[in-house]
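Positions are given from 1, in the same order as the sequence printed here.
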Amino acid sequence: MEQLQEWGHEIGYHCYRHVHPLSQSPWKRYRELVKGYEILCELGFPPKYYRPCHGFYTLTDMIFIKKYHLKPYHWTSLLHDWEKPKVSELVCRMERFENTDSVLVLHDGSKCAAVPDAYRQIPEVLLEFLHGGSYERQKESI
């Protein structure tokens, strides 16, 4: 995460556990939102942005956002990583969104249909995308 920040990327907050907001009581939801937020802060990555699970905002989410001065942020593009593409294919999909200010969704593979253990591949995908493609050439020319 430090490397991503050094490259100029923002670390946002999504959730502590990926459960649908309506499946929790407001109090349980709020406690989980705070717990995940505090963990990121303790690790030295206080987030500025927040995106709710399943893209679904509740009143509890909005109270949390206001209290912690977060900016709601929503994804703009899905990479369809649940189709279980090879790393090279995922990099190609990411390259389609270069220079578009897109917010891309990558799943971690836990308890969902994405690539099992995708969390181990995502660093490789990101590094290949950021250093192997036109992004790196563009960065060097600035």
Side-chain angles (χ1 to χ4, degrees), residues 1-139 142:
M1 287 177 39
E2 289 172 352
Q3 185 68 59
L4 289 172
Q5 280 188 326
E6 287 175 20
W7 290 337
H9 298 279
E10 292 285 343
I11 305 297
Y13 178 45
H14 183 50
C15 58
Y16 179 72
R17 289 185 319 129
H18 203 272
V19 296
H20 197 285
L22 294 180
S23 70
Q24 296 177 302
S25 72
W27 293 114
K28 183 173 185 174
R29 175 122 184 98
Y30 190 79
R31 283 192 303 271
E32 285 200 4
L33 288 169
V34 171
K35 184 175 183 174
Y37 176 84
E38 289 176 347
I39 289 170
L40 281 174
C41 290
E42 288 170 14
L43 291 171
F45 304 102
K48 297 176 187 173
Y49 301 99
Y50 170 74
R51 187 184 84 75
C53 294
H54 304 276
F56 195 91
Y57 291 90
T58 65
L59 180 59
T60 304
D61 292 90
M62 300 311 289
I63 291 169
F64 168 76
I65 289 168
K66 185 169 178 75
K67 181 174 180 179
Y68 289 91
H69 309 287
L70 298 172
K71 180 180 176 185
Y73 213 76
H74 212 72
W75 51 264
T76 59
S77 305
L78 295 171
L79 294 174
H80 296 266
D81 53 334
W82 58 86
E83 296 172 350
K84 304 177 183 170
K86 293 181 180 179
V87 169
S88 58
E89 172 60 25
L90 203 47
V91 170
C92 287
R93 291 177 186 183
M94 291 175 73
E95 287 175 341
R96 293 181 201 142
F97 296 99
E98 278 188 281
N99 305 314
T100 64
D101 291 329
S102 293
V103 177
L104 306 178
V105 173
L106 287 168
H107 296 85
D108 65 5
S110 61
K111 298 182 182 177
C112 69
V115 178
D117 297 328
Y119 65 92
R120 294 180 185 171
Q121 291 181 8
I122 288 173
E124 178 185 351
V125 169
L126 291 174
L127 287 171
E128 186 174 327
F129 172 70
L130 293 173
H131 293 292
S134 60
Y135 175 87
E136 186 64 22
R137 290 190 298 277
Q138 177 189 6
K139 193 170 90 174
I142 296 176

Review item, side-chain donor-acceptor pairs of residues 52-64, under 3.5 Å, at least two apart:
from  : atom 1 : to    : atom 2 : distance (Å)
Thr58 : OG1    : Thr60 : N      : 3.3
Thr58 : OG1    : Asp61 : N      : 3.1
Thr58 : OG1    : Asp61 : OD1    : 2.4
Asp61 : OD1    : Arg29 : NE     : 3.3
Asp61 : OD1    : Thr58 : N      : 3.0
Asp61 : OD2    : Arg29 : NH2    : 2.7
Asp61 : OD2    : Tyr50 : OH     : 2.3

Salt bridge (Lys or Arg N to Asp or Glu O under 4.0 Å) filter on Lys35, not counting sequence neighbours, yields none
Rounded to the nearest 0.5 Å, the NE2 atom of His20 sits from the SG atom of Cys15 at a distance of 12.0 Å
To the nearest 0.5 Å, atom CD of Glu2 lies from atom CG of Leu43 at 9.5 Å
Partner set under side chain to side chain donor-acceptor pair (under 3.5 Å) for Glu89, not counting sequence neighbours: Arg93
Crowding at OH, Tyr16 (>12 non-hydrogen neighbours, <6.0 Å): no
Side chains of residues 65-74: which donor-acceptor partners sit under 3.5 Å, not counting sequence neighbours?
none

